**Q** 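Once you've had a glance at the structure underneath, I'll fire off some questions.
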Amino acid sequence: MKSIGIDVGGTKIAGVLLGEDDQVLAQDKVATPAQSAQAIIEAIVAMVQGLQVGHEVAGVGVAIAGFIDAKQSTVMYAPNLNMRNVALKAILEDKLGLKVFIENDANAAGWAEYRFGAGRGTQNMLMVTVGTGVGGAIIADGQMFRGGFGVGAEIGHMNFIPEGKECGCGQKGCLEQYASGTALLNAAKDLLRSNDASAAGLRQICADPEKLTGSDVYQAIQAGDIAVLGLLKELGFTLGKAIASLTALLDPEIVVIGGGVSVLGNQLLDPIREAYLAHLPARGFRPELRIVAAELVNDAGAIGAADLARGHLGSR
Ligand SMILES: [Zn+2]
C-alpha cells in the first residue's frame, strides 16, 4: 500500500508519497507557519490532500519535533511548534478520513536510516543526530524503541558534565551542550573572543564573534584551519566518549551519525571512532561496532514516518 509521510520541523514541513516498492512517488515542502498550531495543522492537511491526488493511500505518518505520547496520538510538548497536549492523531484523522500515526521526528529519521539507509541489514542501530541540538533514535531487535511514555532516546539530554553548562531543558551539563552544531559554533565564538593567535584564520572569515555563523565555521574547516579543526575534533571526542557509554547500555551493531554536522564525514567520524575505542568498556573482549555517516540526507523524517505508518497498518 502507498502511504504518506509528513515531517514537521521548526522551519519547514516536508512530505512524501511512498510507493509500494519504497519509491518516493511525490514530494512537497512548505515553510512552517510560525508559532501557530492551528496553521500547522491546516498546512499538514493541505499537504496530505495534495500528495494524495490520484492515489489510494493506506495511512499517514506525521513526524513532529517534540514529545509524543506512548499511544502515538498526542503531541505532549513541541515548543518550536507551539503545541502542548494537542490530540493531533484524532484531529488529523477527522479532517483527512485516513489513519494517522504520530512519531517523534528523530525517531522517524532514524527509522528511515534503519530501513533504507546506512543501518539497513542490521537489527540493532543507534542513530545520533548532530545538528542544532543532539538527537537520537534507537532500533532494538528490529523495533523502534520509544520507551514507556514515548519519550525515550533523548540522548542529547544525558548528563555529560556534572554541574556543567546550562541546557534549554532546565538541567546542567547535557551532552548537547558539548556535542551539537550549536556547541561547535559557540566554541568558535569563544576562540574569536580569546584573541589567541590561532584564531587568525577564522578572523579572516569573520572577525566579529557575534556575527559568526555555522557556514563560517564550515568554511574554516574546509580551508583546513588548524584551530577550528581542533574544535571539531574535540566535539568528535565528546561524541565518541558518549557512544562508548551508550554501547555499554545498548550494544548496537552500528551507530549512524546524522544531522547537519555529519556532512563533514570523516573529519567528524574519525575522532568519534578514536574516542569510542579509547573509552569502550572491556575493549578487546567485545565486538566493536561500526560508526558511519547517515545516507539519507533529504526527507528522511518524512520517509521514515510514511514507512512506520505502513508498518502500523500491517501493509509494509
Ligand atoms: Zn538538556
Side-chain angles (χ1 to χ4, degrees), residues 7-11 32 35 63-70 74-86 102-110 125-140 144-190 212 214 217 231-232 234-250 252 255-262 268 271-272 275-276 279 291 294 301:
D7 185 10
V8 185
T11 55
T32 306
Q35 294 297 311
I64 297 277
F67 284 163
I68 313 302
D69 74 330
T74 300
V75 180
M76 296 192 287
Y77 180 54
N80 294 329
L81 306 175
N82 205 14
M83 287 190 190
R84 197 152 207 180
N85 293 322
V86 175
I102 315 295
E103 185 66 65
N104 168 267
D105 62 339
N107 281 356
M125 184 195 100
L126 169 66
M127 172 109 175
V128 180
T129 312
V130 189
T132 312
V134 172
I138 297 165
I139 312 297
M144 171 69 76
F145 173 87
R146 297 188 179 86
F149 301 101
V151 293
E154 289 279 342
I155 66 169
H157 298 284
M158 293 192 313
N159 185 269
F160 187 70
I161 304 281
E163 294 302 308
K165 293 178 190 171
E166 280 188 19
C167 183
C169 74
Q171 297 298 333
K172 284 180 181 171
C174 293
L175 179 64
E176 79 170 24
Q177 295 305 317
Y178 302 88
S180 59
T182 308
L184 181 63
L185 178 61
N186 287 337
K189 286 178 178 177
D190 286 344
L212 192 74
V217 175
L231 299 177
L232 177 64
E234 207 52 52
L235 182 142
F237 285 156
T238 301
L239 281 168
K241 206 172 166 181
I243 288 167
S245 267
L246 283 162
T247 295
L249 183 69
L250 300 169
V255 176
V256 179
I257 309 290
V261 184
S262 72
L268 175 67
I272 293 178
Y276 159 74
H279 293 94
I291 300 176

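If you're wondering where the values come from, they're calculated on a predicted model, not measured in any experiment. Numbering of ligands and ligand atoms starts at 1, following listing order.
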**Q** Output yes when a side-chain donor or acceptor of Thr74 lies under 3.5 Å from a complementary backbone atom of Asn85, and no otherwise.
**A**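 Judged by distance alone, no pair lies under 3.5 Å.
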**Q** What protein N/O/S atoms are found closer than 2.8 Å to the Zn ion (ligand 1)?
**A**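 For the Zn ion (ligand 1), the protein N, O and S atoms that sit under 2.8 Å away are His157 ND1, Cys167 SG, Cys169 SG, Cys174 SG.
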**Q** Quick one, Ile272 and Ile257 - any side-chain contact, counting heavy atoms below 4.5 Å?
**A**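 Touching, per the 4.5 Å side-chain cut-off.
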**Q** What closest approach, in Å, do Pro252 and Thr247 show between heavy atoms, and which atom pair accounts for it?
**A**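 Heavy atoms of Pro252 and Thr247 come nearest at CD-CA, 4.0 Å.
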**Q** Do Leu184 and Leu231 have side-chain heavy atoms sitting under 4.5 Å apart?
**A**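 Yes. Closest side-chain heavy atoms under 4.5 Å.
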**Q** Name the atoms and distances for all side-chain donor-acceptor pairs under 3.5 Å in residues 157-175, with sequence neighbours left out.
**A**
from   : atom 1 : to     : atom 2 : distance (Å)
Asn159 : ND2    : Lys172 : O      : 2.9

**Q** Within the side chain of Glu176, is there an N or O that forms a donor-acceptor pair under 3.5 Å with the backbone of Gly133?
**A**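 No, Glu176 side chain to Gly133 backbone: no donor-acceptor pair under 3.5 Å.
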